Amino acid sequence: MTEQDNLRAMRHSLAHIMASAIQRLWPDVKLGVGPVVENGFYYDVDLGDGEQLSVDDFGRIETEMSKIIKANEPFERLEMPVAEAVEWAKKYNQPYKEELLNDLKRAGTTIAKDLDADELGLAAEGDSKVETVSFYRNGDFTDLCRGPHVESTGKVGAFKLMRVAGAYWRGKDTNPQMQRVYGVAFETPKELRQYLTMLEEAKKRDHRKLGQELDLFTFSELVGSGLPLFTPRGTVLRQELTNFAESLRIGSGFERVSIPHITKTELYKVSGHWDKFGDELFLVQSQETSDQFALKPMNCPHHNQIYASRPRSYRDLPIKYFETTTVYRDEKTGELGGLSRVRSISQDDSHAYCRPDQVEGVVAGLIDDVQTLYGTLGMSLRARLSFRDSDDKYLGEPELWEEAQATIRTLAEKSKLEYFEAEGEAAFYGPKIDFMATDAIGREHQVATVQLDFVQPERFGLEYTTEDGSPSRPVMVHCALLGSIERFLSVYIEHTAGRFPVWVAPEQIRLISVNQEAETLSFVDDVVRQAKELGLRVTADNNNESVGKKIRSAEIWKVPYTIVLGEKEIAGGELTPRIRSDLAVSSDAKSYAVNEFLKTVVNEAKSRVNKSSL
RNA sequence: GCCGACAUAGCUCAGUUGGCCAGAGCGGCUGUUUUGUAAACAGCGGGUCGUGGGUUCGAAUCCCUCUGUCGGCUCCA
């Protein structure tokens with residue numbers, strides 16, 4: 001058994017132990033499923049009679065679990081015919097288990113396609129009907145289960161119950177809702193502690209907290225949920241990041257286009273999005289005509305109309321458009337949160353219209369841009385090649401798919417990307433490459449995406465004239481480097497913990513006057529003026545406070561360079577910048593002539609480095 | 001949308017067996033001080049306790065509605 005398998009067995013065993021502890025405390029509990037998840041496990045339970053578990057009960061449950069662990073009860077595997085198992089479930093009043101068993105009996109799997117039996121931790125012995133099922137017993141607790149488990153309840157490592165949340169039985173929103181109790185578990189207490197420390201760290205860097213503290217963005221009840229408002233500081237962040245992404249586009253031969261934010265709904269009836277996503281559109285009614293409009297939920301159909309506005313020759317291709325613009329999606333309110341999930345979504349979107357023989361070159365260029373961007377931001381990347389599976393929901397010629405997927409695989413190989421393939425993750429219109437970036441505390445986030453599209457060109461009748469004069473369909477390549485800029489900001493704020501490198505820092509230099517004397521203030525003004533002339537973001541703190549307090553304030557605002565100005569500086573004409581600790585390369589404070597310092601900072605910003613050049 | 005928790009000053013938070021004018025720290029403003037690398041001192045403002053309704057002699061506190069936030073579920077072009 002590998003270490004991985006052993007950890008899984010430990011976690012799954014803990015799910016059983018937790019269920020058995022809950023059953024001791026609430027004998028009438030009805031049990032759902034209890035699989036292993038990332039970092040731990042959960043079990044879905046239903047206490048019945050509308051009774052609810054809360055985190056206040058965790059102490060009792062954990063105590064009970066500890067007793068079971070201490071008793072070191074062996075896990076015994078037993079088998080019984082399915083019919084007998086159904087009787088067992090009936091007898092012990094476990095309707096959810098009964099339902100699962102009936103599925104096993106009928107279909108041989110616990111559920112059609114939407115849930116993976118393995119994830120559920122349940123028996124599924126292939127596609128044929130199941131004759132016998134396995135149970136595991138520890139002490140007085142018996143549960144339908146495929147296993148494997150650890151030998152006995154004493155061998156489960158370190159765990160902690162984390163939270164309880166609602167979850168639909170078998171993930172369907174028409175089913176009754178159960179309570180899902182989550183726990184985390186590791187082989188050793190040390191690993192558990194490390195994990196909990198990481199969570200603490202994540203909490204400290206929560207972009208919602210930092211957004212408030214660093215005055216980056218806000219929400220207003222009057223404007224509505226999921227509609228972030230960016231302050232001047234937050235807007236600098238957005239702008240610097242999009243400027244960078246846009247400069248990569250321009251370097252790769254994309255041309256900027258510009259479109260309105262609304263359209264007649266006809267556009268989406270043609271594109272096919274109306275049927276699929278119509279209920280998530282914000283509708284806008286004209287008071288003048290009977291036309292119904294919608295706020296755009298994506299940009300491709302608009303861009304397609306620009307492509308379609310004149311005849312295209314094979315010589316014109318690839319035609320590459322890009323635009324940073326906002327789309328609007330009426331997401332369900334319960335799904336919104338911070339900047340991670342919003343209803344006004346800004347995208348650095350691009351669409352390239354290619355001949356089939358150009359797809360490879362275009363995609364290679366985009367992969368290159370993605371790598372440059374995330375390399376500069378100090379995040380490592382992994383790519384998921386999202387391919388189709390055998391489902392019939394995919395549109396477009398199967399040969400085209402095969403070819404495109406092969407191309408993507410070759411490119412991933414050539415670009416030295418770390419990648420993996422995921423069947424069934426493709427969009428309905430084509431395969432894609434989704435990029436995941438790892439942040440400073442080891443969490444992975446989905447960011448950029450490159451998608452091939454065979455469907456929209458067809459739907460919109462996009463064409464170009466080939467060498468022999470016949471019409472042909474271009475292939476569309478969608479790409480967003482930052483993805484949703486709001487979501488990306490949430491990732492980047494947490495990645496940097498708000499300690500932005502100079503090129504993105506809303507406030508790059510803060511000047512602190514030692515006193516209020518006219519000579520000092522005029523010297524400060526002079527440095528501010530010079531810095532602004534060089535395009536730097538500089539502020540002066542001339543408040544009547546102690547130097548110590550003003551330094552502290554600059555630290556709290558995470559300003560990269562703080563400079564105290566007083567008699568000494570006025571006399572010598574030199575500054576001694578205080579460098580924010582994460583940027584500093586050495587700990588010695590050096591002095592620079594005003595001009596020399598400012599020019600160094602300008603160059604540092606221009607080169608987008610993550611360390612101080614001083 | 002669903003389940004659960006929550007909403008008190010600009011921020012962070014006290015204040016529940018329903019009861020005197022609703023509190024603190026930070027931030028803000030004013031004054032004193034003229035300050036040298038993470039918090040000088042003093043004073044002053046600031047909240048119809050998210051909204052609307054209800055119960056009660058009396059509601060920040062109990063009940064309902066709505067709005068918003070958080071943890072999940074579901075969804076994600």
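We name chains A, B, ... by the order of the sequence lines, and we start the count at 1 in each one. Treat the numbers as computed from the prediction; the structure is a model and nothing was measured.
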Specify the separation, in whole Å, of atom [atom1] of [X] and atom [atom2] of [N].
X: Leu222(A); N: U51(B); atom1: CG; atom2: P; value: 13 Å
X: Leu336(A); N: U67(B); atom1: CG; atom2: P; value: 13 Å
X: Tyr168(A); N: G1(B); atom1: OH; atom2: P; value: 11 Å
X: Asp330(A); N: A77(B); atom1: CG; atom2: C1'; value: 15 Å
X: Lys203(A); N: G71(B); atom1: NZ; atom2: P; value: 11 Å

On a whole-Å scale, what distance lies between the [atom1] atoms belonging to [N] and [M]?
N: C3(B); M: U74(B); atom1: P; result: 15 Å
N: C6(B); M: G50(B); atom1: C1'; result: 12 Å
N: C64(B); M: G19(B); atom1: C1'; result: 24 Å
N: C29(B); M: G46(B); atom1: C1'; result: 10 Å
N: G47(B); M: G23(B); atom1: C1'; result: 11 Å
N: C62(B); M: C49(B); atom1: P; result: 15 Å
N: G18(B); M: G54(B); atom1: C1'; result: 15 Å
N: G25(B); M: U17(B); atom1: C1'; result: 30 Å

Complementary nucleotide for [N] - Watson-Crick or wobble, under 3.5 Å:
N: A40(B); result: U32(B)
N: A5(B); result: U69(B)
N: C11(B); result: G25(B)

Quick one: is [X] getting a side-chain N or O under 4.0 Å of the [N] phosphate, OP1 or OP2?
X: Arg208(A); N: G71(B); value: yes
X: Tyr561(A); N: U37(B); value: no
X: Arg329(A); N: C76(B); value: no
X: Thr333(A); N: G1(B); value: yes
X: Arg163(A); N: G71(B); value: no
X: Ser546(A); N: U35(B); value: no

Which is true for [X] with a 4.0 Å heavy-atom rule: it touches a base, it touches only sugar-phosphate, or it touches nothing?
X: Gly483(A); result: nothing
X: Lys276(A); result: nothing
X: Gly334(A); result: base
X: Phe219(A); result: nothing
X: Lys550(A); result: nothing
X: Gln456(A); result: nothing
X: Val564(A); result: base
X: Gly272(A); result: nothing
X: Arg180(A); result: sugar-phosphate
X: Gln179(A); result: nothing

Would you say the side chain of [X] and the base of [N] hold a donor-acceptor pair, judged only by whether the two atoms sit under 3.5 Å apart?
X: Arg341(A); N: C75(B); result: yes
X: Glu331(A); N: G1(B); result: no
X: Glu335(A); N: U74(B); result: yes

Note to self: Before we go on, tell me: are the rings of Tyr561(A) and Phe597(A) under 6.0 Å apart, centre to centre?
What the structure shows: yes
Check: With ring centroids as reference points, do Tyr328(A) and Phe282(A) lie under 6.0 angstrom apart?
Finding: no
Next item on the list: Starting from the 5' end of RNA chain B, give me the residue, Gln212(A) or Leu281(A), whose nearest nucleotide shows up first.
Entry: Gln212(A)
Out of [options], whichever nucleotide has its closest atom nearest the side chain of [X]:
X: Glu280(A); options: A39(B), U35(B), C75(B); value: C75(B)
X: Phe277(A); options: U37(B), A40(B), A77(B); value: A77(B)
X: Asn515(A); options: U35(B), G1(B), U37(B); value: U35(B)

Item checked: Phe420(A) CZ to Ser386(A) OG distance, which is reported to the nearest 0.5 Å -> 7.5 Å
Notebook entry, point to check: Between the main-chain N or O of Leu161(A) and the side-chain N or O of Glu62(A), is there a donor-acceptor pair closer than 3.5 Å?
Noted result: yes
Check: Judged by atom type as modelled, is there a donor-acceptor pair below 3.5 Å linking the side chain of Trp401(A) to the main-chain atoms of Leu395(A)?
Finding: yes
Next item on the list: Identify which one of Lys432(A), Gln451(A), His351(A), Gln347(A) satisfies the side-chain hydrogen bond (donor to acceptor under 3.5 Å, both in side chains) criterion when paired with His478(A).
Entry: His351(A)
Checklist line | Near-parallel close stack of Phe428(A) and A77(B) base (under 5.5 Å, under 30°) | finding: no
Notebook entry, point to check: Does CD in Glu201(A) sit with more than 12 non-hydrogen atoms of other residues, nucleotides or ligands closer than 6.0 Å?
Noted result: yes
Margin query: Show the nearest heavy-atom pair for residues Leu521(A) and Asn515(A), with the distance to one decimal.
Written below: CD2-O, 4.1 Å
